[in-house]
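Working notes, structure below.
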Amino acid sequence: MKISAVNENTLMVYFSDTVSPETAEQIAAAIPVIREQLVLYVVDIVPSYTSILISFDLITIGLREFNLRLQHVLIECSRASLSANQARCIELPVYYGPEVALDAQEICGHTGLSFDDVVNIHASATYRVYAIGFAPGFAYLGNTDKRIEIPRKQTPRLKVPAGSLAIADRQTAIYPKQSPGGWQIIGRTPISLIDYQRENLTVFEMGAQVSFTPIDRATFLDMGGVLLPEEIAMDREVA
């Protein structure tokens with residue numbers, strides 16, 4: 001591990017130079033230990049693929065002393081293993097129907113696969129939470145199978161519906177709220193990803209494993225899933 005000062009009250013801890021499940025596990029194991037051992041000083045922790053950004057209260061502790069305390073904590077972290085809570089597998093239902101798979105045609109054209117094959121490949125994998133950012137509840141999940149790898153859209157959408165499941169390059173993610181976005185949309189989950197009872201406001205945690213279970217339209221709606229008016233209209237036209 002390497003610690004670098006970003007400014008007078010922020011440190012960056014680098015765990016590795018490469019993205020890997022092992023690095024994600026190290027970061028996931030370190031976060032709760034840092035929070036517990038340095039609770040009097042830590043203001044915010046922002047994890048990423050290979051690092052953790054830590055901001056601390058400069059009024060209560062100086063940069064040099066916090067750096068030393070952090071080094072001792074990281075030694076303990078190196079011996080820690082993932083807890084059952086961090087290593088749990090989050091299972092999310094997903095509707096891969098034509099109304100919500102907004103980029104199905106583009107994905108199939110790029111990969112040369114049928115959309116049924118794309119869904120089967122995507123839903124058969126288990127993903128690791130590598131980073132959380134962009135928006136509360138937006139988790140970067142990897143790695144997506146190379147057979148369905150596709151670049152981001154050249155022109156992002158101004159509005160991506162909440163719950164949209166998307167892929168880009170070797171990553172998968174779900175948009176927790178309606179927002180602009182340039183990932184390729186393949187489905188939608190009825191599950192809300194924002195949990196205001198959690199400290200980080202999301203059901204995702206660094207190092208957690210995520211799997212997707214395909215569901216049909218009726219189940220999606222029964223579970224609270226929402227279709228936009230234009231999607232309902234499109235469905236009626238198809239019928």
Side-chain angles (χ1 to χ4, degrees), residues 84-85 87-111 113-129 132 134-145 147-150 153 157 159-168 170-198 200-205 208-239:
N85 182 55
R88 78 189 192 285
C89 181
I90 302 169
E91 298 181 15
L92 294 175
V94 173
Y95 177 46
Y96 291 92
E99 316 98 307
V100 299
L102 306 181
D103 295 308
Q105 185 174 356
E106 186 171 348
I107 295 169
C108 292
H110 182 83
T111 62
L113 300 170
S114 69
F115 193 62
D116 284 342
D117 288 338
V118 171
V119 171
N120 289 334
I121 292 170
H122 186 268
S124 65
T126 299
Y127 303 86
R128 175 85 62 176
V129 178
I132 301 173
F134 170 64
F138 191 96
Y140 295 84
L141 313 176
N143 290 328
T144 304
D145 194 293
R147 291 173 292 175
I148 56 174
E149 180 179 350
I150 183 172
K153 302 179 74 65
R157 286 186 173 85
K159 293 182 179 179
V160 176
S164 293
L165 177 66
I167 57 178
R170 298 292 307 281
Q171 299 181 98
T172 291
I174 301 176
Y175 288 84
K177 295 291 184 182
Q178 178 179 284
S179 67
W183 292 38
Q184 308 284 354
I185 310 300
I186 62 173
R188 191 175 301 167
T189 181
I191 304 300
S192 174
L193 303 180
I194 303 298
D195 185 351
Y196 292 100
Q197 303 303 314
R198 290 177 177 268
N200 60 358
L201 301 181
T202 174
V203 300
F204 294 120
E205 295 179 359
Q209 296 183 342
V210 181
S211 61
F212 301 106
T213 301
I215 57 175
D216 59 23
R217 183 178 187 274
T219 303
F220 172 76
L221 295 175
D222 287 343
M223 295 181 71
V226 176
L227 295 176
L228 303 179
E230 58 269 28
E231 295 168 343
I232 296 175
M234 182 187 75
D235 185 52
R236 288 173 178 170
E237 291 177 4
V238 173

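Keep in mind that what you see is a predicted model, and the values were worked out from it rather than measured.
- Between Phe115 and His122, the gap from one ring centroid to the other reaches at least 6.0 Å.
- Across all non-hydrogen atoms, the minimal contact from Ile150 to Gln184 is CG2-CG, 3.7 Å.
- For the atom pair Phe138 CZ and Ile132 CD1, the distance stands at 11.5 Å (nearest 0.5 Å).
- For the atom pair CE (Met223) and CD1 (Ile215), the distance works out to 5.5 Å, reported to the nearest 0.5 Å.
- For the pair Pro190 and Pro93, the tightest heavy-atom approach, listed with the atom from each and the gap, is CD-O, 3.5 Å.
- In this structure, CD1 in Ile174 is found 10.5 Å from CD1 in Ile185, a value given to the nearest 0.5 Å.
- How far CD of Gln209 is from OG1 of Thr126: 6.0 Å, rounded to the nearest 0.5 Å.
- No side-chain donor-acceptor contact under 3.5 Å links Arg157 to the backbone of Pro180.
- At distances below 3.5 Å, not a single donor-acceptor pair connects side-chain atoms of Arg188 with backbone N or O atoms of Gly97.
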key: Verdict with reasoning, Ile107 to Ile167, per side chain to side chain contact (heavy atoms under 4.5 Å, CB included)   = CA-CA 9 Å; Ile107 295 169; Ile167 57 178; 4.2 Å; yes

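- Here the closest non-hydrogen pair linking Ala101 and Tyr96 is CB-O, 4.1 Å.
- Put simply, the side chain of Asp145 does not reach to within 4.5 Å of the side chain of Ser124, judged on heavy atoms.
- The minimum heavy-atom distance between Lys153 and Glu106, with the atom names listed, is NZ-OE1, 2.9 Å.
- In this view, Phe220 and Tyr95 satisfy the ring pair (Phe, Tyr, Trp, His ring centres under 6.0 Å) rule, not counting sequence neighbours.
- The CD atom of Glu91 sits 11.5 Å away from the CD1 atom of Ile191 when rounded to the nearest 0.5 Å.
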query = Please walk me through it: do Arg217 and Glu99 pass side chain to side chain contact (heavy atoms under 4.5 Å, CB included)?
reply = CA-CA 10 Å; Arg217 183 178 187 274; Glu99 316 98 307; 2.9 Å; yes

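- Note: Phe212 CZ to Leu141 CG = 5.5 Å, rounded to the nearest 0.5 Å.
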task = Might you work through the side chain to side chain contact (heavy atoms under 4.5 Å, CB included) test for Thr189 and Leu165, ending with a clear yes or no?
result = CA-CA 7 Å; Thr189 181; Leu165 177 66; over 6 Å; no

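- Minimum heavy-atom separation, Val129 to Glu205: CB-O, 3.4 Å.
- Val119 has its side chain out of reach of Ile186: every pair of non-hydrogen atoms, C-beta onward, lies at least 4.5 Å apart.
- Judged purely by atom type and a 3.5 angstrom limit, Thr213 has no side-chain atom pairing as donor or acceptor with the backbone of Leu92.
- For the residue pair Thr219/Asp216, the side-chain donor-acceptor check at 3.5 Å is satisfied.
- Of all non-hydrogen atoms in Gly137 and Pro176, the two that sit nearest each other are C-CG, 3.8 Å.
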task = Output, in order, the C-alpha distance, side-chain angles, deciding distance and verdict of side chain to side chain contact (heavy atoms under 4.5 Å, CB included) for Arg147 and Asp117.
result = CA-CA 10 Å; Arg147 291 173 292 175; Asp117 288 338; over 6 Å; no

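- Heavy atoms of other residues, nucleotides or ligands lying less than 6.0 angstrom from CD of Gln105 number 12 at most.
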